[in-house]
Amino acid sequence: MLAEDSVLLRDGLTGLLTRFGHEVVAAVGDAEALLAAVAEHEPDIVVADVRMPPGFQDEGLRAAVRLRTPAEEGRPALPVLVLSQYVQREYAAELLDSGDGSGVGYLLKDRVGQVEEFVDALCEVASGGTVVDPEVVRQLLRRRRDPLSRLTPREREVLALVAQGRSNGAIARELVVTEAAVGKHIGSILAKLDLPPADDTHRRVLAVLAFLRA
Amino acid sequence: MARPRYLVSSWPWRAVGYLVSGVLAGALVLVGIVVLVAAGGVLAVVLVGVPLLGLTVLVGVPVASMERRRLGLIDRDPVAGAHDVPTGPGPWVWYTTRLREQLTWRELGYAVLFAGLLWPVEALVATVALLFPGSMVAAPLLMATVGDGQEVKVLKQWTVTTWPGAFGVAVLGVVLLTAGAYVLGVAAGARTGLTRLLIAPRDVDLGAKVVELTRSRVRLVDAFEAERRRIERDLHDGAQQRLVALTMTLGLARLDAPPGPLADQLARAHAEAGNALAELRELVHGIHPKVLADFGLEAAVGDAADRSPVPVDVDLDLGLSGRLPRAVETAAYFVVCEALANVARHSGASRAEVSGRHEDGRLHLRVSDDGCGGASADGGSGLTGLADRVSVLDGRLSLSSPPGGPTLLSVEIPCRTADRFA
């Protein structure tokens with residue numbers, strides 16, 4: 001399911017996704033139509049632009065947050081990948097806050113150009129992962145405030161990669177360390193951020209959220 | 001006039017010129033008004049005269065224009081006309097604009113006064129102060145010529161028959177002429193004072209102009225702001241989307257390209273398009289940051305602090321439930337951005353601090369650093385433009401930056417101003 005007001009991009013994305021073997025059940029141009037189309041088609045994932053008609057403010061994000069808070073009990077939150085032109089952690093934080101924080105992504109539109117990475121991120125979100133654009137993460141890493149100041153540089157690196165939706169294995173490969181070492185870092189990060197024991201995925205999301213809000 | 005050199009300066013002559021030309025002009029104006037009114041009155045029967053009478057109302061406008069010019073003869077301080085510029089083209093708009101102005105009616109009053117009273121008085125003054133003593137001075141000459149050396153009538157009243165008498169009259173004439181020069185000066189001075197009083201722009205006219213200027217300045221800033229938003233929107237919906245589509249197409253093409261020079265070229269083109277997109281994104285952010293529009297000043301200042309290469313502590317808690325007026329937010333945000341940019345460029349500071357609060361309906365912001373100081377608000381630091389922007393909102397921007405530092409920039413903006421001119 002696609003929601004994007006630029007026809008050029010909408011067609012481009014449809015072509016791209018079809019090519020990678022995904023089916024685009026509907027492609028709409030504004031937030032109203034998005035909500036209606038979701039009710040009709042029940043898609044696996046929604047890709048939405050932040051800024052859409054009629055107001056060209058953040059209608060796409062509003063709609064995404066609504067989709068993340070399901071009306072009926074028992075229905076899982078719909079995975080949503082939001083595309084944006086803005087390096088803006090506030091948007092990402094708001095999105096991750098909605099629902100239980102899993103199955104969401106906030107990517108810059110630049111990332112669409114990295115075709116394979118984009119499709120990987122899409123699959124990650126569809127399967128319940130959390131993806132935050134590396135550029136947004138980079139903006140966050142420039143910050144020097146609590147509570148992240150308690151983390152070691154290595155732990156911050158790890159957390160940044162977690163925020164981008166990488167698995168422990170992928171992080172280990174990226175940093176050229178063992179997976180066990182990554183696990184240790186993550187445990188230490190969670191402890192330093194005072195996150196209560198819960199199931200691992202959820203805690204990872206909370207850590208990312210703490211990262212975004214810092 | 002009190003100066004001893006008055007008599008030998010050009011001023012008595014100027015006064016004479018002013019009064020005599022006033023007499024001629026006044027007579028002409030009288031003739032003009034009489035002709036216009038008479039012709040209008042007579043022709044009103046056949047309706048042609050009605051517009052003519054309508055135009056007569058405006059007779060003061062050219063008369064006053066001429067009078068302001070004539071003031072230049074003895075007045076060093078030029079008086080400008082303060083008529084409004086008509087709101088549109090065409091004689092009717094011009095006419096109605098003039099009719100609505102207070103100045104037009106004052107000018108008409110002046111024209112009538114001028115034609116009916118002022119010029120005869122001027123003629124009288126000029127005659128008494130200039131012609132009478134002049135003819136007395138000429139008494140010996142008249143006696144020698146017209147009177148055949150026998151007699152001369154002084155001012156057509158007294159007959160003088162002796163030479164010593166005639167020269168005595170001449171000496172008296174010189175004395176009176178000297179006094180007359182002063183009388184003329186006083187008369188001309190009084191006359192210009194009266195003219196000024198009636199047809200120079202008054203504070204009412206100027207006050208209206210100041211209000212209009214202030215409003216137009218606010219409108220200009222608003223228009224400037226709206227234009228920035230429009231540019232941001234156009235770039236976002238146009239160039240940025242196209243570039244995204246381009247990188248996507250190039251990305252797909254790379255998947256299809258067989259390894260080799262073509263794939264390398266495509267990779268380079270892809271990377272270039274990506275760089276262009278990133279640069280454009282920064283540019284758009286600088287034009288009008290989205291975070292300010294959507295999340296307000298506190299978030300936007302936090303964002304600006306994040307982007308600064310110099311570490312910035314932010315202590316900004318406005319304690320407001322709603323948002324500040326948009327113009328205030330924008331001005332405050334750009335002041336902070338400019339100040340942080342200056343800190344990074346010139347100060348050599350290792351830390352900066354942004355603090356702010358909202359009290360008594362005023363927004364107070366302070367940006368300080370521990371750098372080398374010596375900053376000034378002029379000299380192209382960009383702060384001048386921001387100071388203007390703040391002053392449009394009735395705010396104040398002050399900079400303290402002694403050599404050796406530290407630098408402190410503070411801004412105060414009243415927050416209720418945004419809707420004051422709405």
Side-chain angles (χ1 to χ4, degrees), chain A residues 4-20 49-53 55-59 61-62 83-94 107-119 133-136 138-146 149 213-214, chain B residues 229-230 232-256 269-285 288-296 298-300 302-314 351:
Chain A
E4 160 66 57
D5 59 307
S6 154
V7 179
L8 192 67
L9 273 188
R10 200 158 67 210
D11 293 352
L13 280 171
T14 309
L16 186 150
L17 293 174
T18 313
R19 184 192 158 118
F20 279 85
D49 187 3
V50 165
R51 183 150 116 170
M52 278 198 290
F56 293 101
Q57 291 296 313
D58 52 359
E59 286 83 355
L61 188 75
R62 298 277 142 265
L83 294 178
S84 161
Q85 303 273 30
Y86 310 106
V87 184
Q88 215 58 266
R89 70 193 159 88
E90 284 84 359
Y91 284 142
E94 200 169 333
L107 284 186
L108 283 186
K109 283 192 175 168
D110 302 30
R111 233 46 69 191
V112 177
Q114 316 294 325
V115 181
E116 282 167 311
E117 275 179 42
F118 172 68
V119 175
D133 193 275
E135 194 63 40
V136 179
R138 206 165 305 144
Q139 185 202 2
L140 291 166
L141 282 180
R142 285 202 295 260
R143 302 159 64 79
R144 300 154 192 89
R145 287 179 233 163
D146 285 336
S149 55
R213 291 223 196 79
Chain B
R229 279 169 207 274
R230 191 188 64 74
E232 190 261 346
R233 201 173 56 234
D234 287 355
L235 282 177
H236 178 274
D237 296 341
Q240 273 186 310
Q241 305 284 39
R242 280 183 188 280
L243 267 176
V244 170
L246 175 65
T247 55
M248 188 163 64
T249 311
L250 286 171
L252 281 171
R254 282 180 69 189
L255 293 179
D256 295 333
H270 193 201
E272 278 304 314
N275 289 342
L277 197 52
E279 274 180 27
L280 187 59
R281 193 176 54 231
E282 284 304 305
L283 178 74
V284 168
H285 184 87
H288 191 86
K290 185 77 175 150
V291 60
L292 180 65
D294 288 356
F295 294 95
E298 284 153 301
D303 179 74
D306 288 348
R307 287 164 189 269
S308 165
V310 178
V312 180
D313 296 319
V314 178
R351 288 207 84 77

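Convention: sequence-line order gives letters A, B, ...; per-chain numbering from 1.
- Residue with the most contacts toward chain B among A:Arg111, A:Gln85, A:Lys109: A:Gln85 (heavy-atom pairs, distance under 4.5 Å).
- No part of A:Asp11 comes within reach of chain B, as not one of its non-hydrogen atoms sits under 4.5 angstrom from that chain.
- Taking A:Asp49, A:Asp5, A:Leu13 one by one and counting their heavy-atom pairs under 4.5 Å with chain B, the maximum is reached by A:Leu13.
- Once rounded to the nearest 0.5 Å, the distance linking CD of A:Glu4 with CD of B:Gln241 reads 5.0 Å.
- Counted within 6.0 Å of CZ on B:Arg242, heavy atoms from surrounding residues, nucleotides or ligands total 12 or fewer; the atom is thus considered open.
- In this structure, the portions of B:Leu252 lying under 4.5 Å from any heavy atom of chain A include both its backbone and its side chain.
- Between chain A and the options B:Thr247, B:Leu255, B:Val284, B:Leu250, the largest number of non-hydrogen pairs under 4.5 Å is found for B:Leu255.
- Interface residue A:Leu108: only side-chain heavy atoms are found under 4.5 Å from chain B.
- Heavy atoms closer than 4.5 Å to chain A are found in both the backbone and the side chain of B:His236.
- Only the side chain of A:Arg19 comes within contact range of chain B, with heavy atoms under 4.5 Å apart.
- Interface summary for chain A: among B:Arg254, B:Arg233, B:His285, the most heavy-atom pairs under 4.5 angstrom belong to B:Arg233.
- Within the 4.5 Å cutoff, the side chain of B:Met248 has heavy atoms near those of the A:Leu9 side chain.
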